[in-house]
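Below is one structure, written out as structure tokens; the observations come after it.
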Amino acid sequence: MIKTSEKKLLVGLEIGTTKVVVIIGEILSDGIINVIGLGHCPSHGMDKGGVNNLESVVKCVQYSINSAEAMAGCQISSVYLSLSGKHISCKNEIGMIPISEEEVKQSDVNNVVHIAKSVKIQDEHRILHVIPQEYSIDYQEGIKNPVGLSGVRMQAKVHLITCHNDMAKNIVKTVERCGLQVDQLIFSGLASSYAVLTEDERELGVCVVDIGSGTMDIAIYTAGSLRHTKVIPYAGNVVTSDIAYAFGTPVSDAEVIKINHGCALESLINKGENIEVPSVGGRPPRILQKHMLAEIIEPRYLELMMLVNKEILQLQSRLKQFNIKHHLAAGVVLTGGASLIDGLEACAKKVFRTQVRIASAIKINGMIDNIVKPQYSTVIGLLHYGKESGRNNEIDIETGITIKNWIKKINDWLKKEFKKF
């Protein structure tokens with residue numbers, strides 16, 4: 001949040017492998033987010049979502065914060081912070097309770113979700129998100145909001161996203177070193193889905209893939225619910241490394257070549273096109289045919305897409321076993337900075353054999369050029385998540401009180417029962 005009482009403002013912070021971005025957004029009366037501040041700089045001290053040089057990351061974050069504050073004309077006090085990395089994991093769980101009165105109350109919903117998330121998770125991990133999928137009351141299934149319905153027994157299916165506790169602590173520490181608080185830590189793939197997906201896509205079934213430099217964040221929805229999340233620790237940087245190695249050029253130059261001349265489908269390249277490739281050790285640059293670059297890039301992007309497709313097929317197999325909708329009728333949505341390469345949409349269709357689109361953020365305004373581009377999907381998604389979270393703050397507070405009271409009632413009942421023996 002921001003130190004001002006005049007406007008409803010939110011701050012999103014993404015600390016990625018290659019860039020740090022801070023965005024300040026104002027919530028307009030129609031629910032659209034208007035971006036009023038942007039700060040960004042190249043990232044140093046991060047690798048595949050993890051902090052490997054704290055002081056370097058702190059400097060990058062502070063620089064980005066100062067830039068965003070200067071543009072927006074306000075002072076930041078806290079942020080919604082994204083988190084990625086291969087330590088992220090997920091599981092789907094079920095909770096069940098008897099309905100305490102004639103109809104379902106909000107307290108019953110809170111209690112059954114609490115039961116569903118009360119499971120053993122990996123050592124040294126903590127729960128990052130508890131996302132309800134659907135509810136069942138007696139024999140009625142697929143309920144999205146059970147409040148007010150009648151029944152005897154209620155079941156909740158939830159999606160749990162967990163992270164390694166130390167990895168989370170380290171990235172939060174970089175923010176606290178800048179004198180800020182973290183409103184909430186949010187999985188990057190979840191944030192991106194908030195920025196680029198429509199409700200229709202979630203309902204029909206869709207896989208969103210945020211392709212960054214160090215990781216690919218995956219979120220898969222069917223029947224309007226989040227079913228699977230995954231972080232694959234390979235992304236745009238492996239393509240850059242391949243170019244640097246094959247052409248004998250510095251990694252920084254390989255990245256520029258990839259952005260300016262890269263194509264993920266060789267058949268789209270005219271054979272006569274040439275590019276200039278810098279050399280190392282003071283040697284003069286060379287002129288190479290552009291189709292040779294595509295010959296390097298296409299196989300690697302195909303490999304990355306096949307890793308995603310493997311996750312999709314495995315999930316679909318599991319969902320089918322439990323008679324849950326598993327088709328992705330809305331196809332695959334690609335976003336993130338590494339999704340901007342030419343030919344990726346056609347390349348991805350060869351793997352997924354379904355419709356594919358390269359996505360920019362939706363429901364966002366602002367005078368800042370390129371703010372809706374795919375490379376900003378995660379940080380814009382943080383603002384959308386923060387907006388939704390703000391609406392539910394009162395419910396969250398009540399949830400904590402309700403669960404405590406419910407646990408106390410259970411304990412009191414158990415004590416009475418044991419006294420009978």
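In this chain, residues are counted from 1 in sequence order. Note that the structure is a prediction, hence the values are computed from the model and not measured. What's counted below: heavy atoms across the whole structure, side chains too, no hydrogens, waters or symmetry copies.
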Point to revise | Ring centers of Tyr385, His129 separated by less than 6.0 Å | key: yes

[X] versus [Y]: any side-chain heavy-atom pair under 4.5 Å?
{"X": "Ile275", "Y": "Ile287", "value": "no"}
{"X": "Cys263", "Y": "Leu293", "value": "no"}
{"X": "Ile131", "Y": "Leu190", "value": "yes"}
{"X": "Ile33", "Y": "Lys363", "value": "no"}

Got more than 12 heavy atoms from elsewhere within 6.0 Å of [atom1], [X]?
{"X": "Gln181", "atom1": "CD", "result": "no"}
{"X": "Arg153", "atom1": "CZ", "result": "no"}
{"X": "Lys91", "atom1": "NZ", "result": "yes"}

Practice item. Run the numbers on Thr229 and His159 for side-chain hydrogen bond (donor to acceptor under 3.5 Å, both in side chains), then give the verdict. Key: CA-CA 9 Å; Thr229 47; His159 184 74; 3.1 Å; yes

For [Y], is there any backbone N or O sitting under 3.5 Å from a side-chain donor or acceptor partner on [X]?
{"X": "Asn66", "Y": "Tyr63", "result": "no"}
{"X": "Gln355", "Y": "Ala329", "result": "yes"}
{"X": "Asn145", "Y": "Val147", "result": "yes"}
{"X": "Arg283", "Y": "Val280", "result": "yes"}
{"X": "Arg286", "Y": "Phe247", "result": "yes"}

Practice item. Assess whether side-chain hydrogen bond (donor to acceptor under 3.5 Å, both in side chains) is satisfied between Glu295 and His291, documenting all intermediate values. Key: CA-CA 6 Å; Glu295 286 178 352; His291 79 87; 3.3 Å; yes

Review point. Is Glu203 salt-bridged to Lys144, cutoff N-O under 4.0 Å?
Key: no

Point to revise | Salt bridge Glu273-Lys271, side-chain N to carboxylate O under 4.0 Å | key: no

Exercise for review: Begin with the C-alpha distance, continue with both residues' side-chain angles, and end with the deciding distance and a verdict on side-chain hydrogen bond (donor to acceptor under 3.5 Å, both in side chains) for Lys258 and Thr240.
Suggested key: CA-CA 7 Å; Lys258 181 183 73 174; Thr240 303; 2.9 Å; yes

Please report the closest heavy-atom contact between [X] and [Y], naming both atoms and the distance.
{"X": "Leu185", "Y": "Ala168", "value": "CD2-CB, 3.6 Å"}
{"X": "Leu197", "Y": "Ile362", "value": "O-CD1, 3.4 Å"}
{"X": "Glu266", "Y": "Ala294", "value": "CA-CB, 3.7 Å"}
{"X": "Pro233", "Y": "Lys48", "value": "O-NZ, 2.8 Å"}
{"X": "Glu69", "Y": "Ile76", "value": "OE2-N, 2.8 Å"}

Give the table of side-chain donor-acceptor pairs shorter than 3.5 Å for residues 345-352, with sequence neighbours excluded, one pair per line with atom names and distance.
residue: Lys350; atom: NZ; partner: Glu298; partner atom: OE2; Å: 3.1

Measure the [atom1]-[atom2] distance between [X] and [Y] for me, rounded to the nearest 0.5 Å.
{"X": "Ile65", "Y": "Gln75", "atom1": "CD1", "atom2": "CD", "answer": "10.5 Å"}
{"X": "Ile364", "Y": "Asn34", "atom1": "CD1", "atom2": "CG", "answer": "8.0 Å"}
{"X": "Ile171", "Y": "Leu81", "atom1": "CD1", "atom2": "CG", "answer": "5.0 Å"}
{"X": "Cys60", "Y": "Lys19", "atom1": "SG", "atom2": "NZ", "answer": "13.0 Å"}
{"X": "Ile115", "Y": "Met154", "atom1": "CD1", "atom2": "CE", "answer": "11.0 Å"}

Assess the side chains of [X] and [Y]: does a donor N or O sit below 3.5 Å from an acceptor N or O?
{"X": "Thr378", "Y": "Ser192", "answer": "yes"}
{"X": "Thr162", "Y": "Gln122", "answer": "no"}
{"X": "Asp210", "Y": "Thr335", "answer": "no"}

Review point. Among Ser82, Ser193, Ser377, Ser84, which one satisfies side chain to side chain donor-acceptor pair (under 3.5 Å) with Asp217?
Key: Ser84

**Study point:** Residues in salt bridge (Lys or Arg N to Asp or Glu O under 4.0 Å) contact with Arg357, at least two apart in sequence or another chain
**Key:** Glu201

**Study point:** For Glu141, all residues meeting salt bridge (Lys or Arg N to Asp or Glu O under 4.0 Å), sequence neighbours excluded
**Key:** none

Practice item. Quick one: do Ser213 and Thr17 satisfy side-chain hydrogen bond (donor to acceptor under 3.5 Å, both in side chains)? Show the steps, please. Key: CA-CA 6 Å; Ser213 293; Thr17 301; over 6 Å; no

Review point. Can you check side-chain contact (heavy atoms from CB on, under 4.5 Å) on Ile341 and Leu344, steps first, answer last?
Key: CA-CA 6 Å; Ile341 193 165; Leu344 178 57; 3.8 Å; yes

**Study point:** Step-by-step salt bridge (charged side-chain N to carboxylate O under 4.0 Å, His left out) determination, Glu199 to Arg202
**Key:** CA-CA 5 Å; Glu199 286 301 320; Arg202 289 187 179 92; 3.2 Å; yes

